[in-house]
A.B. asks: 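Below is a structure I'd like to ask you about.
Just so you know, these numbers come straight off a predicted model, no measurement behind them.
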Amino acid sequence: MLADAGLVRPAGTRTVRGGTEQYYARAAKALHYTGPGAAGTTTAAFQALGEEIAAAQDPLLVLRHLRLTEAQVRELTATLTALARDTPDAGDGATRYGLLVGLYEAPGPHSQQ
C-alpha cells in the first residue's frame, strides 16, 4: 500500500529460513505536510514522532518562540531547509537519527492570525 502511494520503494530482498524478506526505503528525503487535510496529517505525524522521541535516549528537543521580520523568516527557512536537505546520510552501517525541523507562526499575542 505504501509503495502504491509512492511513499516507499523496494530496496532489496533477503532469503531467511525459506522465506523472502522484502526491504523498502523511503521514497523522499523529507515529508512536507501542506494542503487540504494537513492539520489531521500533522496531528497524526506528531503523535508518532512524540512516541519515537519519548523512547529515544538523550534526545535534543528545543522549542523557542521568536519575534522575526519577514526577511529573518525567509533566511531561517532557507537555513533550516538546507540543513535538512543537504546533511549527507552516512549509510546503513551508521546509527539512525531522526531530524525534525520546523518553523511556524505561533498563535497568541502579536500573531498575524
Side-chain angles (χ1 to χ4, degrees):
M1 183 181 296
L2 293 175
D4 289 342
L7 297 174
V8 298
R9 60 178 171 71
T13 59
R14 181 175 84 155
T15 302
V16 178
R17 297 187 198 112
T20 302
E21 292 181 348
Q22 176 70 52
Y23 293 91
Y24 294 88
R26 64 182 180 261
K29 286 176 117 178
L31 296 175
H32 300 272
Y33 307 116
T34 60
T41 301
T42 301
T43 299
F46 268 88
Q47 182 176 351
L49 287 167
E51 292 170 6
E52 185 174 311
I53 292 168
Q57 289 186 4
D58 299 322
L60 170 64
L61 188 60
V62 177
L63 173 61
R64 182 174 173 202
H65 289 116
L66 305 166
R67 286 177 170 70
L68 303 172
T69 65
E70 287 301 317
Q72 288 175 306
V73 170
R74 286 190 299 274
E75 181 180 349
L76 187 53
T77 298
T79 300
L80 294 173
T81 299
L83 173 68
R85 182 191 60 224
D86 299 338
T87 301
D89 189 289
D92 291 337
T95 302
R96 187 172 170 256
Y97 287 85
L99 176 64
L100 173 63
V101 178
L103 180 65
Y104 59 94
E105 186 175 328
H110 304 289
S111 176
Q112 297 299 316
Q113 297 180 7

A.B. asks: For Pro10, give me all partners under side-chain contact (heavy atoms from CB on, under 4.5 Å), at least two apart in sequence or on another chain.
C.D. replies: Gln22, Tyr24

A.B. asks: Does anything in residues 45-59 form a salt bridge (Lys or Arg N to Asp or Glu O under 4.0 Å)? List the pairs, not counting sequence neighbours.
C.D. replies: none

A.B. asks: Using the test side-chain contact (heavy atoms from CB on, under 4.5 Å), find all partners of Thr20 that sit at least two apart in sequence or belong to another chain.
C.D. replies: Thr13, Thr15

A.B. asks: Rest of the hydrophobic cluster containing Leu76 (Ile/Leu/Val/Met/Phe/Trp/Tyr, side-chain heavy atoms under 4.5 Å)?
C.D. replies: Leu66, Leu68, Val73, Leu80, Leu99, Val101, Leu103

A.B. asks: Partners of Ala94 by side-chain contact (heavy atoms from CB on, under 4.5 Å), sequence neighbours excluded?
C.D. replies: Ala90

A.B. asks: Give me the other members of the hydrophobic cluster that Leu49 sits in, counting Ile, Leu, Val, Met, Phe, Trp and Tyr linked by side-chain heavy atoms under 4.5 Å, directly or via other members.
C.D. replies: Phe46, Leu100

A.B. asks: Got a sec, which hydrophobics cluster with Leu63, joining ILVMFWY side chains under 4.5 Å apart, including via others?
C.D. replies: Tyr104

A.B. asks: For Tyr97, look at atom OH and say whether over 12 heavy atoms of other residues, nucleotides or ligands are found less than 6.0 Å away.
C.D. replies: no

A.B. asks: Show me the pairs that pass side-chain hydrogen bond (donor to acceptor under 3.5 Å, both in side chains) and involve residues 72-83, at least two apart or across chains.
C.D. replies: Thr69-Gln72

A.B. asks: With sequence neighbours excluded, what pairs up with Asp92 under the salt bridge (Lys or Arg N to Asp or Glu O under 4.0 Å) test?
C.D. replies: none

A.B. asks: Name all residues meeting the salt bridge (Lys or Arg N to Asp or Glu O under 4.0 Å) criterion together with Arg14; count only those two or more places apart in sequence or in a different chain, and write none if there are none.
C.D. replies: Glu21

